[in-house]
Amino acid sequence: VPIYFGVCCVCVCLYPTSCCSVAEIMSVLYFNTMRYRPEDPKNISNDRFILSKGHAAPALYSIWVETGFLKESELHSLCQVESTLEGHPTPKQQFVDVATGSLGQGLGVACGMAYTGKYFDKSSYRVFCLLGDGEMSEGAVWEAMSFASFYQLDNLVAIMDINRLGQTDPAPLQHHVDKYQRRCEAFGWHAIVVDGHSVEELCKALSQARHQPTAIIAKTTKGKGIPAAEDKLGWHAKPLPKDMADAVVKDLQARITSSSKRLYPATPIEDTPPVSLRNVRMPSAPGYKQEEKVQALCKHTHLTIPISVATGCAARDRNVVYASTLASFFARAYDQLRMAAVSESNINLCGSHCGLSIGEDGPSLMSLEDMAMFRAIPTATIFYPSDGVSIEKAVELAASTKGVCYIRTSRPENPIIYNSNEDFHVGQAKVVYQSAEDKVTVIGAGVTLHEALAAAEMLKKERIFIRVIDPFTIKPLDSKTIIENARQTRGRILTVEDHYYEGGLGEAVCSAVVNEQGFTLQRLAVAHVPRSGKPNELLKIYGIDREAICQSVRKMLSGSANAK
Ligand SMILES: Cc1ncc(C[n+]2csc(CCOP(=O)(O)OP(=O)(O)O)c2C)c(N)n1
Ligand SMILES: *[C@@H]1O[C@H](CO)[C@@H](O)[C@H](O)[C@H]1NC(C)=O
């Protein structure tokens with residue numbers, strides 16, 4: 001076991017016992033099994049490694065000292081504010097593709113990378129993922145196990161560090177490696193049990209031929225090499241007291257017999273094709289006629305896969321990735337979404353069937369929180385297109401927009417608003433209805449934009465004129481267009497959205513004008529958990545339809561002396 005590895009894990013580590021159980025595993029992976037260029041950790045032909053039990057980050061950093069990529073001295077700044085060596089792995093380090101630390105997500109990401117390697121890149125590189133046994137209580141691990149066997153990811157290896165202990169309690173299966181083996185086999189994996197501290201056994205198991213995804217079930221001892229802590233509860237996440245650390249380091253150094261022989265990893269097979277993700281365009285312009293009714297689904301997205309898999313597919317810029325599902329179901333993947341942001345991922349997500357306008361399916365499937373969710377993600381862009389043309393533009397723009405992109409689409413058929421050659425930009429709103437006599441600026445998106453346009457026609461008959469704005473992106477929001485137009489309507493703004501009040505369009509507009517003088521803002525949104533019904537009935541009951549807009553506009557004007 002390489003020297004820095006042991007010494008550094010013990011000296012500077014927040015999780016020494018979690019690192020000690022994987023010392024031999026990491027050493028064998030990095031100096032016997034994996035093929036990569038240590039001087040070029042991001043090389044596209046390298047084998048990939050994901051430390052799913054991210055709290056063992058010091059083990060990963062130590063191994064990169066062994067490879068020569070990091071300097072030993074850098075380890076001593078671990079977790080300090082100026083250091084790139086953070087408490088858990090993040091892409092600030094070149095040898096990390098995706099952030100880990102929120103347990104249970106690494107194998108899903110590894111699946112995305114292995115899928116990409118096998119089916120898109122068609123390359124020799126393999127993907128290795130190291131998991132903890134406590135971590136394996138997370139259901140997402142088993143979703144990934146199913147995914148890997150379903151897609152026959154024979155280029156994927158999961159190494160399970162069965163050290164018996166979790167954080168405060170033993171892991172449920174303790175040291176019953178036979179049970180792990182049967183579970184893995186039941187999930188369609190080739191499962192090999194090894195002594196995780198035997199370099200020979202690990203080398204042998206990791207070099208076996210494979211026709212399925214492979215699980216290396218490594219029976220280990222948590223805290224191995226720290227006599228007082230070996231296999232004992234109560235030592236998780238405890239840095240060693242100095243005298244104990246000194247004694248352990250002394251013992252390790254005494255055990256090093258030959259340090260003159262340097263180990264080098266095998267070089268990768270260079271069969272990974274270069275790809276360029278720049279200037280990704282739709283093959284053709286949107287082909288809709290004006291006023292044509294289009295059911296607003298993302299017709300160009302075809303992958304419906306877990307977020308972690310998407311993040312894996314997007315890693316190392318191998319693919320432009322779209323994942324789509326009903327908007328409501330992104331809520332269950334919120335942890336994966338926030339980790340995608342930490343991972344600096346460029347995944348694109350399409351959430352269809354947003355809001356109560358899905359109608360009959362009822363509140364179980366109504367996504368009324370998704371804008372709040374995505375607005376809170378720092379790297380996110382939120383597209384909220386309102387017709388077939390703007391949806392296609394959003395899909396196209398998302399391809400070249402950095403960070404997590406979210407496209408919110410609606411179920412009802414709605415007429416086409418824009419010409420196929422209309423130019424769209426991130427952060428650029430469209431004024432879709434206006435006159436010189438406008439009194440209120442109404443902002444809606446998706447179904448509520450169409451309601452606002454209908455309300456404009458109705459109010460016109462009463463000689464009340466409103467301006468209607470389609471924000472197109474909710475984040476970033478085009479504050480400039482909103483403020484300029486609202487000034488022309490004496491600062492009166494009405495927002496209307498198919499979303500709960502909290503965190504949606506209305507609050508985004510509030511934030512945009514919060515430092516401006518002379519604005520009056522009214523908001524229409526969904527205030528309660530809705531019920532089943534016809535979309536139009538629900539829009540009416542929950543007060544976000546054309547009639548509700550007309551009423552609010554009249555009220556805003558009657559409240560002010562110089563309304564007309
Ligand atoms: C989703 C999630 N829940 C809880 C934690 C807090 N946590 C950090 S390490 C740990 C114990 C993990 O046990 P195991 O996977 O067996 O790893 P070990 O340290 O024993 O190798 C926990 C619960 C976390 N990081 N992520
Ligand atoms: C990967 O490494 C090879 C060999 O050093 C080099 O020729 C190639 O340019 C590298 N590829 C990338 C994408 O960095």
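Atoms within a ligand are numbered from 1 in the order they appear, just like the ligands themselves.
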Q: Return yes when at least one protein heavy atom is under 4.0 Å from atom 9 (O) of ligand 2, and no when none is.
A: no
Q) Heavy-atom contacts under 4.0 Å between K42 and ligand 2: side chain, backbone, both, or neither? A) neither
Q: List the atom of R318, the atom of P273, and the distance in Å for their closest heavy-atom pair.
A: NH2-O, 2.5 Å
Q | Distance from atom 9 (S) of ligand 1 to nearest protein heavy atom, with residue and atom | A | H236 NE2, 3.2 Å
Q.
Regarding ligand 1, does D335 bring an N or O atom to under 3.5 Å of one of the ligand's N or O atoms?
A. no
Q: Provide, to 0.1 Å, the distance between atom 1 (C) of ligand 1 and the closest protein heavy atom, together with that atom's residue and name.
A: L103 N, 3.5 Å
Q | Pair F120 + Y115: ring centers closer than 6.0 Å | A | yes
(Q) Protein heavy atoms near atom 20 (O) of ligand 1, is at least one of them under 4.0 angstrom away? (A) yes
Q) What atoms in ligand 2 come closer than 4.0 Å to a heavy atom of N43? A) 1 (C), 2 (O), 3 (C), 8 (C), 10 (C), 11 (N), 12 (C), 14 (O)
Q. Of the protein's non-hydrogen atoms, which lies at the shortest distance from atom 17 (O) of ligand 1, and what is that distance?
A. H55 NE2, 3.4 Å
(Q) For atom 25 (N) of ligand 1, what's the nearest protein heavy-atom neighbour? Residue, atom name and distance, please. (A) G101 O, 2.8 Å
Q.
Please list the nearest protein heavy atom to atom 23 (C) of ligand 1 with its residue and the distance rounded to 0.1 Å.
A. Q167 OE1, 2.8 Å
(Q) For atom 13 (O) of ligand 1, what is the closest protein heavy atom, and at what distance to 0.1 Å? (A) G166 CA, 3.6 Å
Q: Identify which of P170, G134, A56 has a heavy atom lying nearest to atom 14 (P) of ligand 1.
A: G134
(Q) Looking only at distances, can you tell me whether any N or O atom of K53, backbone or side chain, sits closer than 3.5 Å to an N or O atom of ligand 1? (A) yes
Q. Should you measure from each heavy atom of D161, which atoms of ligand 1 turn up under 4.0 Å away?
A. 21 (O)
Q) Can you tell which part of M136 has a heavy atom less than 4.0 Å from ligand 1: side chain, backbone, both or neither? A) neither
